Structure formats: structure tokens, C-alpha cells
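First the proteins, then the strands, lettered A, B, ... as listed; each starts at 1. The figures here come from the full heavy-atom set of this structure, side chains too, leaving out hydrogens, waters and symmetry mates. Being a predicted model, the structure only gives us computed values, none of them experimental.
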Number of protein chains: 2
Amino acid sequence: MRPRIALDGMGGDAAPGIVVDGAAMALGRHPDLRFVLCGDEAKLKPLLDRHPGLRAATELRHTDSVVPADMKPSVALRQGRQSSMRLAIDAVKAGEADAAVSAGNTGAMMAMAMIVLKTLPGIDRPAIASCLPSRRKPVVMLDLGANAECTPENLFQFAVMGEVYARAVLGVAKPSVALLNVGTEEVKGDSVVRKAAALVRDSGLPIHYAGFVEGSAIAEGIVDVVVTDGFTGNIALKVTEGTASLFTTALRESFAGSLRGRLGYLVGRPALTALRARFDPRLYNGAMFLGLNGVVVKSHGGTDAVGFGAALGVAVELLQKGTNRRIIEEMGVAARPGAPDSDSAPDSDMATG
Amino acid sequence: MRPRIALDGMGGDAAPGIVVDGAAMALGRHPDLRFVLCGDEAKLKPLLDRHPGLRAATELRHTDSVVPADMKPSVALRQGRQSSMRLAIDAVKAGEADAAVSAGNTGAMMAMAMIVLKTLPGIDRPAIASCLPSRRKPVVMLDLGANAECTPENLFQFAVMGEVYARAVLGVAKPSVALLNVGTEEVKGDSVVRKAAALVRDSGLPIHYAGFVEGSAIAEGIVDVVVTDGFTGNIALKVTEGTASLFTTALRESFAGSLRGRLGYLVGRPALTALRARFDPRLYNGAMFLGLNGVVVKSHGGTDAVGFGAALGVAVELLQKGTNRRIIEEMGVAARPGAPDSDSAPDSDMATG
């Protein structure tokens with residue numbers, strides 16, 4: 001298979017430069033990739049010309065229309081039908097690409113992806129899933145911000161999808177799945193998370209359910225999959241990023257604060273560089289919209305070319321591992337494209353930006 | 001004033017040792033402190049005997065009964081009437097102590113404190129508040145786990161209390177107050193947080209309302225007070241702790257991984273020690289139950305004597321700064337001990353442990 005990826009050329013704070021340069025990096029790692037690059041030809045063509053190999057592997061699809069970062073999803077659905085983001089998703093729907101990747105407006109992208117691609121059979125709402133660094137191994141976490149409010153059924157479906165993701169993409173044989181809560185005891189939390197626990201426990205699915213975990217369990221890596229609603233998940237993700245960034249800054253300040261510290265920094269630099277590399281947020285970039293009829297990956301809006309290239313790597317891996325097909329099998333139902341529950345419009349404006 | 005602190009001698013993983021040793025440390029810093037130490041005399045007396053100064057400043061109140069860490073708050077209310085935790089809170093109610101401090105079961109402590117002390121006028125539910133480290137200055141955050149589900153009115157009251165806390169305890173002249181959300185735009189989040197925003201904005205109170213902030217804003221320190229529900233707040237707190245701990249471990253591993261790294265560690269050790277001290281979770285130990293007729297401080301259950309001593313320092317500071325009196329003034333109502341809304345029993349089992 002030669003994976004074909006549709007790119008929203010105009011999404012992201014530093015687009016289109018990071019999109020084209022990131023695609024060139026991804027092509028260096030996966031020489032069989034092909035791209036459908038959507039956006040302003042006048043801006044994209046000169047960038048492409050700097051990468052002859054990429055240019056040869058890329059079909060350019062021109063449009064003037066762009067979804068701004070602060071546009072409400074409901075407005076983007078109406079006004080963005082010709083946008084670079086929408087063209088990329090449409091290309092997946094039309095079978096002209098296998099995956100769509102964008103660093104643009106998250107809420108708009110989720111809304112468009114749900115309307116165009118529909119959800120997988122058995123899935124009411126897609127979730128944003130990604131891997132977070134931990135003491136042991138990457139931990140799959142979802143939802144990271146697609147659904148501010150969730151039902152127990154939503155959380156149950158996220159658990160099923162997250163488990164498949166850990167098996168298919170990370171290669172964990174029997175992933176442990178936990179629900180994020182304010183304590184590990186069964187009585188803890190609100191009624192939604194307690195009902196979700198009962199659904200997962202009593203589902204009859206061969207899921208290794210590990211019960212409730214607290215927020216510290218993510219960094220500790222004591223389970224493979226952590227499930228929560230999009231409100232809590234988004235805040236947990238941003239708190240992780242904020243704390244890591246605070247620590248990195250404080251480490252630098254601490255070393256810079258004295259002559260001996262600066263000397264220690266020089267001597268210990270390889271160790272510090274390795275540490276930075278381990279927690280480089282760019283390498284964890286690329287969150288999948290899990291639960292759609294199609295692979296859609298969201299890059300962080302503020303990332304650079306390295307980060308965008310990493311997001312493309314996520315898309316490639318999801319395609320190679322057949323993640324969506326395995327979710328469909330796991331939900332135990334035949335594919336029902338356009339099933340009633342997949343036609344409902346997303347409660348888009350609650351998604352994160 | 002000579003602050004009198006009632007101690008739950010038996011609460012906490014390493015009680016009663018940390019309680020007595022922590023009290024001795026606090027007495028070293030605040031020589032005018034007096035204590036009412038509640039718990040098993042046979043265990044406490046030998047510990048006290050090692051600190052003659054503390055022994056002289058302490059009244060011992062014997063009880064055999066202890067609230068276990070995993071006891072449901074509703075059960076603790078019925079069965080724990082003679083427990084060391086309850087005796088400490090009763091001492092505040094009886095005017096025999098100015099504050100109660102425990103490292104025991106959080107949910108039980110919140111339930112007992114609400115039943116015995118009642119909430120302040122204008123406050124429906126107390127919140128757990130604490131200071132978190134940030135790039136700039138400590139950030140007041142609440143609720144950290146008392147209320148898994150909150151109404152907009154709860155969040156509004158937390159905002160008022162948090163603002164007073166930042167002024168009274170941290171000495172910030174005009175604290176900025178923000179609501180934690182999945183994005184900064186007004187349309188983001190669920191209906192509870194959006195209604196809470198309207199309440200704060202339109203309250204007429206002279207609060208510097210800074211709008212919504214994302215999870216990364218805590219570590220960035222871009223506001224003085226961050227308000228959220230107890231579910232999200234507890235997870236944000238534990239994610240912060242988990243990420244900081246992961247980073248510290250990874251830093252050590254990174255330096256230990258090579259000869260040059262080990263040398264760099266030796267040279268840079270003062271800088272690394274300063275870094276560790278800045279983020280030492282023990283120094284941030286001690287969360288106040290804000291909104292009660294009385295000062296009640298919860299220590300982390302797993303802390304050591306240094307951490308317990310820091311929690312006692314929080315209690316002393318709250319007393320010295322008259323935080324509760326200022327909250328009462330701020331709510332714009334006269335003290336109404338035993339007002340109807342302060343008699344309602346807490347939905348205790350949702351609190352964290």
C-alpha cells in the first residue's frame with residue numbers, strides 16, 4: 001500500500017511553511033507516501049519547489065478559502081465548504097486519500113469530519129486520542145477535547161476504542177484500561193464515571209479493565225489506556241504540557257544562576273539534551289480523531305515542521321495498523337455507513353480550538 | 001494572639017510520627033503555637049516525650065477511635081464521633097482551638113467539618129484550596145476535590161473565596177481570577193462553566209475577572225486564582241504532581257546514564273538541589289477547606305514530618321491573615337451561624353480520599 005495523505009495546507013499558526021516542510025520530512029522517512037495538498041496555490045507552489053521529491057509525490061488542490069483559528073465550528077460548517085481543511089477531509093470521503101491531517105481549528109475539523117465521514121458503527125461520538133509520555137511507556141489517553149460533556153455510553157465506547165488503539169498502534173498484547181477519577185475506590189467520582197465503570201466491567205468484552213485511576217497515574221504509566229471526558233482530558237493534557245514546560249524552564253534557570261551551575265550544564269549537556277528529547281512535545285504531536293469512517297489526525301496548531309512531520313507519522317501508523325477496521329470488529333457490529341446515530345451533527349462549539 | 005491548633009494525631013500514612021515531628025518543626029518556627037493533640041495516648045506520649053518544648057505546649061486528648069483512610073464519609077460521620085479527626089474538629093467548634101489539621105481521610109474530614117462547623121454565610125459548599133507552583137508566583141487553585149459536581153453558583157462562590165485568599169494570604173493587591181476551561185473563547189466548555197462565567201462577570205463585586213484559561217495557565221502563572229470543579233481540580237493537581245515527579249526521575253536517570261552525565265551531576269548539584277527545593281511537593285502541602293466557620297487544613301496523607309509542618313504553617317498563616325473574616329465581609333452578608341443553607345449535609349462520598 002502507498003498511503004495517500006490529504007493535507008490542510010493552510011491550518012496552523014505557522015502554515016503553510018510547516019505543512020510543506022513537515023511533509024518533506026515525513027516523505028524522507030516514508031518514501032512511498034503521496035500527498036493531496038489543499039490550499040492557496042500561490043503560497044504553496046514556491047514552498048513545494050524547494051522539495052523536488054515532495055513536489056513529485058504531491059497533487060496540489062487550490063482554494064482561497066481558509067478556516068480561521070477562532071471560527072466557531074457551526075460557522076465553519078456553513079462557510080468553510082471550500083476551505084483547505086474541508087477539501088482535505090472531502091478527499092478522504094471521496095477515496096482520493098487515506099487520511100487527512102491538519103494543524104488548524106480543532107472544533108471545526110471535528111465538526112467537518114463528523115459530517116463528512118460519519119462515525120464508525122457502534123460509536124456515537126468520536127474522541128481525540130493521543131499518547132502521553134510516562135515513566136514506563138506511552139499511555140493512550142482519550143478524549144482530549146472533542147466532547148466537553150460525555151455520557152457513560154460515550155466513555156464506554158472511548159474505552160473500547162482506546163483499547164484497540166493500544167493493541168493496534170502500540171502493540172500492547174493485553175492493554176489495561178482505566179477510567180480517570182478523583183480516587184481509586186468504586187464510590188469515588190460523579191455518577192457518569194461510576195456508570196461508565198459498570199458498563200466497561202459488565203460489557204462482556206475481553207477488556208482488561210483496571211478500574212479507576214487518579215491523575216498521577218498517567219505520568220506513572222501504571223495502565224495502558226486512560227479514559228475520560230473531553231473537558232477533563234483537555235485540561236489534563238494542557239496541565240501536563242504546562243508543568244513539563246515549567247520544569248524545563250526552571251531547570252535552565254537553575255543551571256544559569258551560578259558559575260558552577262553553568263559549568264555543570266556544559267559537562268552534563270548530553271544528559272540534558274537526552275532528557276529534552278524524551279519529553280519533546282513535538283514528538284508526541286498528532287492526535288487521532290478516533291471513531292470516524294476515515295483516519296483524521298490533528299496536529300497541534302503551534303507546532304513546527306518537526307511536529308507536523310510527527311503528526312504525519314501518526315497518520316501513517318494508523319493506516320498501516322488498520323486501526324479503524326479493528327475498532328469496527330471490536331464493536332461487534334457490521335459496518336453500517338450512514339447509520340442513524342452517525343448522522344447527528346456534533347455539538348461542535350464545545351470542542352476545543 | 002497565640003494560635004491554638006487541634007491535631008488529628010492518627011491521620012496519615014505515617015501517623016502519628018509525622019504529626020508529632022511536624023508539630024515540633026512548626027513550633028520551632030512559631031514559638032507561640034499551642035496544640036490540642038487528639039489520638040491514642042499510648043502511642044502519642046512517647047513521641048511527645050522526645051520534644052520537651054512541644055510537650056509543654058500540647059494538651060493531649062486521648063481516644064482509641066480512628067477514621068480509616070478508605071472509610072466512606074457517610075460511615076465516618078456515624079461511626080467516627082469519637083475519632084481523633086472528629087475530636088480535633090470538635091475542639092475548633094468548642095472554641096478550644098483556632099484551627100484543625102489532619103493528614104487523614106479527606107472525604108471524612110470534609111463531611112465532619114461541614115456538619116460540625118457549618119459553612120460561612122453565603123457559601124453553599126466549601127472548597128479545597130491550595131497554592132500551586134508556577135513560572136511566576138504561587139497560583140491559588142480551588143476546588144481540588146471536595147465537590148465532584150458543581151453548580152455555576154458553587155463555582156461563583158469559589159471565585160469569590162479564592163480571590164479573598166489571594167489577597168489575604170498571598171498579599172496580592174488585585175488578584176486576577178479565571179475559570180478553568182478547554183479554551184479561552186467565551187463559547188468554550190460546558191454550560192456550567194459558561195453560566196459561572198456570567199455570574200462572576202455580572203456579580204458587581206470588584207473582582208478582576210480574567211475569563212477562561214486552559215490547563216497550561218496554572219504552571220504559566222498568568223492569573224492569580226484558578227477556579228474549577230472538584231473533579232477537574234483534583235485531576236489537574238494530581239497530573240501536576242505526577243508530571244513533576246516523572247520529570248525529576250527522568251532527570252536523575254538521564255544524568256546517571258553516562259560517566260559524563262554523572263560528572264555533570266556532581267558539578268551541577270547545587271543547581272539541581274535548588275531546583276528540587278523549588279518544586280518540593282512537601283512545601284506546597286496543606287490545603288484549606290475554604291468556606292467553613294473555622295480553619296480546617298488537610299495535609300497530604302502520604303507526606304512526611306516536613307510536609308506536615310508546612311501544612312501547620314498554612315493554618316497559622318490563615319489564622320494570622322483573618323481569611324475567614326474577610327470572606328464573610330466579601331460575601332456582603334452578616335454572619336449567620338447555622339443559616340439554612342449551611343445545615344445541609346455534604347454529598348460526602350463524592351469527595352476525594
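- Ranked by heavy-atom pairs shorter than 4.5 Å toward chain B, the options G215(A), A236(A), G242(A) are led by G215(A).
- Interface residue I218(B): only side-chain heavy atoms are found under 4.5 Å from chain A.
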Output, in order, the C-alpha distance, side-chain angles, deciding distance and verdict of side-chain contact (heavy atoms from CB on, under 4.5 Å) for L272(B) and F255(A).
CA-CA 8 Å; L272(B) 290 165; F255(A) 273 110; 3.9 Å; yes
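- Counting non-hydrogen atoms of neighbouring residues, nucleotides and ligands closer than 6.0 angstrom, the CD atom of E153(A) exceeds 12 such neighbours.
- Ranking A274(A), A250(A), A256(A) against chain B, the residue ahead of the rest is A250(A), based on heavy-atom pairs under 4.5 Å.
- Heavy atoms closer than 4.5 Å to chain A are found in both the backbone and the side chain of T240(B).
- With a 4.5 Å cut-off on side-chain heavy atoms, E214(A) and E241(B) do not count as touching.
- Taken from CG in L251(A) to OG1 in T248(B), the straight-line distance is 10.0 Å, to the nearest 0.5 Å.
- In this structure, chain A has a heavy atom under 4.5 Å from the backbone of L266(B), while its side chain stays farther away.
- Of the atoms belonging to F231(B), heavy atoms from both backbone and side chain fall under 4.5 Å from chain A.
- Note on A244(A), G233(A), A217(A): by heavy-atom pairs under 4.5 Å with chain B, the leading option is A244(A).
- Neither the backbone nor the side chain of T184(B) comes within less than 4.5 Å of any heavy atom in chain A.
- We find the CG-OG distance between L246(B) and S216(A) to be 11.5 Å, quoted to the nearest 0.5 Å.
- Proximity to chain A (any heavy atom under 4.5 Å) is shown, for T273(B), by neither the backbone nor the side chain.
- For the atom pair R135(B) CZ and S245(A) OG, the distance stands at 4.0 Å (nearest 0.5 Å).
- The candidate with the highest count of non-hydrogen atom pairs below 4.5 Å against chain A, out of S134(B), S258(B), P133(B), G261(B), is S134(B).
- Distance check, rounded to the nearest 0.5 Å: CD of E220(B) to NZ of K238(A) gives 10.5 Å.
- Here V239(A) is the residue among L180(A), L132(A), V239(A), L237(A) with the most heavy-atom pairs under 4.5 Å with chain B.
- With hydrogens and angles disregarded, a donor-acceptor distance shorter than 3.5 Å links the side chain of S254(B) to the backbone of A271(A).
- Rounded to the nearest 0.5 angstrom, M71(B) CE and E185(A) CD are separated by 13.0 Å.
- A side-chain contact (heavy atoms from CB on, under 4.5 Å) with N234(A) holds for exactly one of T232(B), N181(B), V182(B); it is V182(B).
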